[in-house]
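One structure is given here, and the rest of the page talks about it.
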Protein chains: 2
Amino acid sequence: MNKVLRKQMSSSQRALLELREKIFSGELAPGSDHLESELADQLNMSRTPVREAVLMLEGQGLLELRPRKGIRVVPLSPDDMQEIYDVLTELESLAAECAAKAMHKEEDLRRLSNAIDDMDVAIANNDLDAWADADDRFHTELVRLGGNSRVNSIVHMMSDQVRRARMTTLFMRPLPTKSNEDHRQVYDAIKNGDPQTARNTHRDHRLHAKTIIVELLKKHRLRFL
Amino acid sequence: MNKVLRKQMSSSQRALLELREKIFSGELAPGSDHLESELADQLNMSRTPVREAVLMLEGQGLLELRPRKGIRVVPLSPDDMQEIYDVLTELESLAAECAAKAMHKEEDLRRLSNAIDDMDVAIANNDLDAWADADDRFHTELVRLGGNSRVNSIVHMMSDQVRRARMTTLFMRPLPTKSNEDHRQVYDAIKNGDPQTARNTHRDHRLHAKTIIVELLKKHRLRFL
DNA sequence: GCATTTCATTGCGTATGCATTAAATGATGC
DNA sequence: GCATCATTTAATGCATACGCAATGAAATGC
């Protein structure tokens with residue numbers, strides 16, 4: 001992340017970004033408790049902007065405020081992941097349907113197809129990080145094309161949570177070589193303006209992904225992430 | 001709302017509740033701008049707890065922070081309502097499906113059937129407020145039975161938005177006498193453990209409701225609520 | 001011992017004041 | 001008359017201080 005831009009940022013904004021990073025990097029471990037003053041010291045600022053950032057992160061489901069007990073990084077159980085995937089499944093399928101209805105021109109779908117191509121390359125190179133990155137871009141773009149801003153922000157919130165878990169799960173499973181066929185099917189349906197196929201294909205794809213991940217988490221007893 | 005309980009509430013909590021009320025009652029009109037200090041004066045407290053409440057309400061999509069321009073009560077266009085209804089449709093249908101899968105005992109479904117009965121009564125009495133109240137309870141309970149906490153909180157957020165609009169639309173349309181048949185069908189499907197019927201019936205019900213409302217808003221040129 | 005009360009600690013909630021900065025106003029030059 | 005820049009104004013962002021209230025420890029009673 002660009003450190004130069006941060007200089008001219010408000011302290012609350014900086015707190016928000018840096019806390020997010022610390023959460024995603026695992027520097028603030030899931031389930032761990034922290035005091036406002038402790039975080040304020042870490043970030044070299046007073047409690048005020050930290051409180052504001054923490055409040056926002058609570059709203060986003062990343063932190064849990066337990067007065068006098070500590071600010072807790074919310075742990076994710078397999079059940080939580082199931083909940084999250086279920087929401088993602090519904091809302092992304094809706095997005096796929098809407099995107100197909102919208103009859104986008106092929107050039108507007110470029111980022112989508114690029115993401116799919118990148119996943120192919122990543123799989124060929126056995127590059128997990130590149131694959132994860134491209135997969136993110138695919139889903140981000142899909143939801144953007146759906147055109148529902150609320151769906152967009154909810155999906156982004158939930159994807160953040162998934163991202164925390166994926167760090168762990170990504171290295172525990174084989175590369176999803178088959179999943180790109182699904183992606184392409186969804187892409188084609190959107191390009192051809194076929195809402196039902198787009199919706200159903202993506203839905204099945206997501207449902208499948210959900211079972212894989214949740215089983216994996218349960219098998220490895222990853223109760224918290 | 002219970003004023004006694006509020007006495008022992010933190011100022012931020014009070015700010016949160018009272019601002020919500022002012023927004024829903026229309027005392028703070030959609031599209032209107034307000035200063036932190038202005039709101040603090042209205043609520044008889046300092047800016048600090050107001051800031052915190054405002055931050056949370058921003059996260060819930062009720063307020064929009066525009067530094068040095070004012071805190072704006074977000075206006076809802078017909079397109080916004082469409083977005084919101086689309087999200088509600090997907091997530092409530094999922095909830096209905098899950099509720100049916102869960103095979104709840106009949107006594108656990110009591111609140112659901114009560115809400116349906118109350119709607120019947122309200123319709124017979126031509127009591128709009130009672131109907132709206134029972135309808136709220138039906139949807140709240142449906143989603144609770146679905147058992148997905150994330151779906152729950154998202155649906156509640158979106159329902160808040162719908163409630164703002166309903167104040168207006170409720171008096172512009174005929175009482176939805178037919179809609180209770182749908183509710184009962186959903187109820188039966190859940191009781192009989194038939195996820196697909198529960199899902200599809202509720203989905204159609206919601207899609208239908210969406211068109212009605214959105215058409216109504218568009219026809220009456222209610223660009224903002 | 002065990003329960004209960006007291007007390008000290010400390011983390012949080014809130015008020016307050018100052019610093020910052022963006023918007024608005026007026027001044028200056030063209 | 002218009003554009004640009006300086007100045008003022010005022011709202012926000014942030015640090016700080018203070019008091020309350022909750023927590024845990026120690027002390028007392030049973």
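Here the structure is a predicted model, which is why all the values come from computation and not from measurement. Just so we're on the same page: letters track the sequence lines, and every chain starts at 1.
Looking at B:Arg144 and B:Asp108, no side-chain N of the basic residue comes within less than 4.0 Å of a carboxylate O on the acidic one, giving no salt bridge. One finds a salt bridge joining B:Arg14 and B:Glu18 here, because a Lys/Arg side-chain nitrogen approaches an Asp/Glu carboxylate oxygen to under 4.0 Å. Between B:Arg203 and B:Glu90 there is a salt bridge, since a side-chain N of the basic residue sits under 4.0 Å from a carboxylate O of the acidic one. Ion pairing between A:Glu97 and A:Lys101 holds under the 4.0 Å rule for side-chain N and carboxylate O. Of the charged side-chain nitrogens involved, none lies within less than 4.0 Å of a carboxylate oxygen, so that A:Arg164 and A:Asp160 do not count as a salt-bridged pair.
Residue B:Ser11 places at least one side-chain N or O closer than 4.0 Å to OP1 or OP2 of C:dT14. Taking only side-chain nitrogens and oxygens, A:Arg51 comes nearer than 4.0 Å to OP1 or OP2 of C:dG13.
Side chain of A:Glu36, nearest nucleotide from C:dC12, D:dC14, C:dA15: C:dC12.
Put simply, CZ on B:Arg14 is 15 Å from P on C:dG13, counting in whole angstrom units. One can place CG of A:Leu43 at 12 Å from P of D:dC14, the figure rounded to the nearest angstrom. For the pair A:Glu38 CD and C:dG11 P, the computed distance is 10 Å after rounding to whole Å. Here the C1' atom of nucleotide D:dT12 and the CD atom of B:Glu58 are 14 Å apart, to the nearest Å. In this structure, the CD atom of B:Glu52 is 7 Å from the P atom of C:dT14, given to the nearest Å. When the C1' atom of D:dA11 is taken as reference, atom CG of B:Asp33 falls 13 Å away, rounded to whole Å. Between the CE atom of A:Met45 and the P atom of D:dT16 there is a distance of 13 Å, given to the nearest Å. Separating the CG atom of B:Asn44 from the P atom of C:dT14 is a distance of 14 Å, rounded to the nearest angstrom.
Two residues, B:Arg66 and A:Thr48, neighbour DNA chain D, and the one matched to the more 5' nucleotide by heavy-atom proximity is B:Arg66. With DNA chain D read from its 5' end, the first of the two nearest nucleotides for B:Leu35 and A:Ser12 is the one closest to B:Leu35.
Legend: residues meeting salt bridge (charged side-chain N to carboxylate O under 4.0 Å, His left out) with A:Arg150, ordered by chain and number and at least two apart, are B:Asp80, B:Glu83.
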Just the table, please: protein N/O against nucleotides 18-23 of chain D N/O, every pair under 3.5 Å.
none

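For the residue pair B:His205 / B:His183, a side-chain donor-acceptor distance below 3.5 Å is found, with atom types taken as modelled.
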